[in-house]
Amino acid sequence: MEIPLFLRKRDVSPEPAPEASEGDDEDDFAETRDLVLDTELPGARDTLDSSPLPSDRVLFPGDCGELKGETRRALVALLAGPSVDGERQPKLWRVLKRDEAVLRSRLSDLFLELAVDDENQTAFVRQVAQHGETDIPILLRRQPLTFLQSAGLLILRAALASSSAAGQRAVVGGAELIADLAAYEDPAKSDKARFAKQCSAVVEALKKVSILRPIPGSSDRYEVSPTLALLVSAEQLEAFTRTYERLKQRRCALGSQG
C-alpha cells in the first residue's frame with residue numbers, strides 16, 4: 001500500500017519559539033490555520049513606486065494573475081497540503097466550495113485533481129491517473145508504506161468508518177493503536193523489544209503524513225484525519241482487510257509450525 005507523499009507536512013526551518021504562557025493552546029499542525037480573506041486585509045499597500053494596487057486581482061508589482069487573492073490562497077493551501085478541513089478552516093472551506101470549479105480547472109492544468117468529501121468537509125489534491133497514450137508528468141510522488149504502517153492505516157480507516165457512522169470524529173490513543181498492531185506480530189520472531197519499537201515508529205510515521213493529528217493538550221490522543229476516507233474507500237478497506245487477515249493467519253500458521 002502506498003500513501004501520497006504530498007500528505008507529509010513540509011519541514012520548516014526551526015526558529016526560537018516564544019515561551020508559552022499558561023493556558024495557551026498548542027498548534028501542532030499547520031492545517032489548523034484558516035484562510036485570510038480579502039475583506040480582512042488592510043487597504044491596498046503601495047507598490048515600490050508608491051502607486052496603489054488597483055484591485056484584489058493585482059496583489060504585487062508585476063502581478064499577472066487572474067484570480068482573486070483569497071482564491072489564490074485557497075489554491076496554495078491545497079497545493080501545500082496536507083488537506084483542507086472545513087471544521088478547522090471554515091473560511092478556507094467556504095472559499096474552496098465557492099470557487100471549486102475554477103480551482104479544479106487550475107489544478108487540471110497541472111495534471112492534478114481535487115478530491116472533496118462534502119459530508120466530512122475535507123479535501124486534498126492528488127495526481128491524476130495515467131490515461132491511454134497521454135504522457136502525464138508526475139508532480140506528486142508517492143511513498144510506499146511498510147507492512148505494519150499499512151496495517152495501522154487499515155486500523156485507523158476502520159475506526160474512521162465506525163465513528164463516521166455514529167456521526168462523530170475518530171479519536172484514538174497511540175497506545176491503543178500499538179496494542180491493535182500486536183495482532184500483526186510475526187510469531188516466528190521473538191524480539192519483543194524490536195517489535196514494540198516498530199509499532200511506536202508506525203504512530204510517528206502516520207503523524208508525519210498527518211493521518212494522525214495530535215489533539216492539543218493531550219500527549220497520546222490523536223484525531224484520525226477524515227482525508228483517510230478519500231485515500232481508502234470503504235470497498236478498498238474491505239479488500240485490504242481481507243488481504244491482511246490472510247497474511248496474518250499465514251504468519252500465525254508458520255509460527256505454530258516452528
Side-chain angles (χ1 to χ4, degrees), residues 1-9 25 27-35 37 70-71 73-104 107 112-129 140 142 145 149-150 152-174 176-177 180 203 205-218 221-241:
M1 186 181 296
E2 295 182 340
I3 195 166
L5 187 62
F6 65 88
L7 284 179
R8 183 178 299 278
K9 292 181 189 175
D25 290 333
D27 184 12
D28 288 315
F29 39 90
E31 61 265 30
T32 57
R33 302 194 183 101
D34 208 352
L35 186 72
L37 300 176
E70 59 196 28
T71 309
R73 296 184 190 97
L75 180 60
V76 170
L78 285 167
L79 290 170
S83 62
V84 171
D85 185 332
E87 184 173 289
R88 288 184 170 85
Q89 302 162 294
K91 291 184 291 186
L92 176 53
W93 181 258
R94 286 196 297 271
V95 171
L96 185 153
K97 291 304 297 179
R98 184 195 70 194
D99 299 334
E100 183 173 344
V102 69
L103 290 171
R104 287 187 181 277
L107 290 170
L112 303 174
E113 63 181 357
L114 179 61
V116 178
D117 182 343
D118 288 312
E119 182 178 355
N120 292 306
Q121 293 193 349
T122 185
F124 69 95
V125 173
R126 60 189 173 196
Q127 189 74 52
V128 300
L140 305 177
R142 289 182 176 269
L145 297 179
Q149 288 171 349
S150 298
L153 201 65
L154 295 180
I155 292 170
L156 297 179
R157 179 63 180 89
L160 184 63
S162 177
S163 297
S164 296
Q168 302 173 345
R169 290 257 171 166
V171 176
V172 300
E176 176 187 347
L177 176 57
D180 288 339
V203 175
L206 294 177
K207 284 166 59 178
K208 286 181 179 178
V209 295
S210 298
I211 294 300
L212 283 178
R213 304 191 299 196
I215 294 178
S218 175
R221 302 292 289 173
Y222 306 93
E223 180 185 346
V224 182
S225 172
T227 305
L228 186 55
L230 297 176
L231 289 172
V232 182
S233 68
E235 293 76 15
Q236 289 174 321
L237 172 63
E238 184 177 351
F240 288 146
T241 299

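- For the side-chain contact (heavy atoms from CB on, under 4.5 Å) with Ile155, the lone residue among Asp180, Leu160, Val172 that qualifies is Asp180.
- Atoms CG and CD, on Leu96 and Gln121 in that order, are 10.5 Å from each other to the nearest 0.5 Å.
- For Val95 against Ala74, the heavy-atom pair with the smallest separation is CG1-CB, 3.9 Å.
- Proximity of Leu112 to Leu79: side-chain heavy atoms (C-beta onward) are separated by under 4.5 Å at one or more points.
- Across Leu212 and Val224, no two heavy atoms sit closer than the pair CD2-CG2, 4.4 Å.
- Closest heavy-atom contact between Gly173 and Arg221: N-NH1, 3.2 Å.
- Within the 4.5 Å cutoff, the side chain of Val116 has heavy atoms near those of the Arg104 side chain.
- The distance from atom CG of Leu231 to atom OG of Ser83, rounded to the nearest 0.5 Å, is 9.0 Å.
- The shortest distance between side-chain heavy atoms of Ser164 and Asn120 falls below 4.5 Å.
- In this structure, CD on Glu223 lies 6.5 Å from CD on Glu87, to the nearest 0.5 angstrom.
- The minimum heavy-atom distance between Ala77 and Leu92, with the atom names listed, is CB-CD2, 3.9 Å.
- If you take OG on Ser162 and CZ on Arg157, they are separated by 11.0 Å, rounding to the nearest 0.5 Å.
- Looking at heavy atoms from C-beta onward, Arg213 lies in side-chain contact with Asp85 at the 4.5 angstrom threshold.
- The side-chain heavy atoms of Arg73 and Leu37, taken from C-beta on, include no pair separated by under 4.5 Å.
- Closest of all the heavy-atom pairs between Pro214 and Tyr222 is CA-CD2, 3.6 Å.
- Side-chain contact between Phe124 and Asp117 is absent, with no heavy atoms from C-beta onward closer than 4.5 Å.
- Side chains of Leu107 and Leu75 form a contact here, defined as non-hydrogen atoms less than 4.5 Å apart.
- In this structure, Ser225 OG and Leu206 CG are separated by 11.0 Å, a value rounded to the nearest 0.5 Å.
- A salt bridge between Lys97 and Glu100 is present, with a side-chain N of the basic residue lying under 4.0 Å from a carboxylate O of the acidic one.
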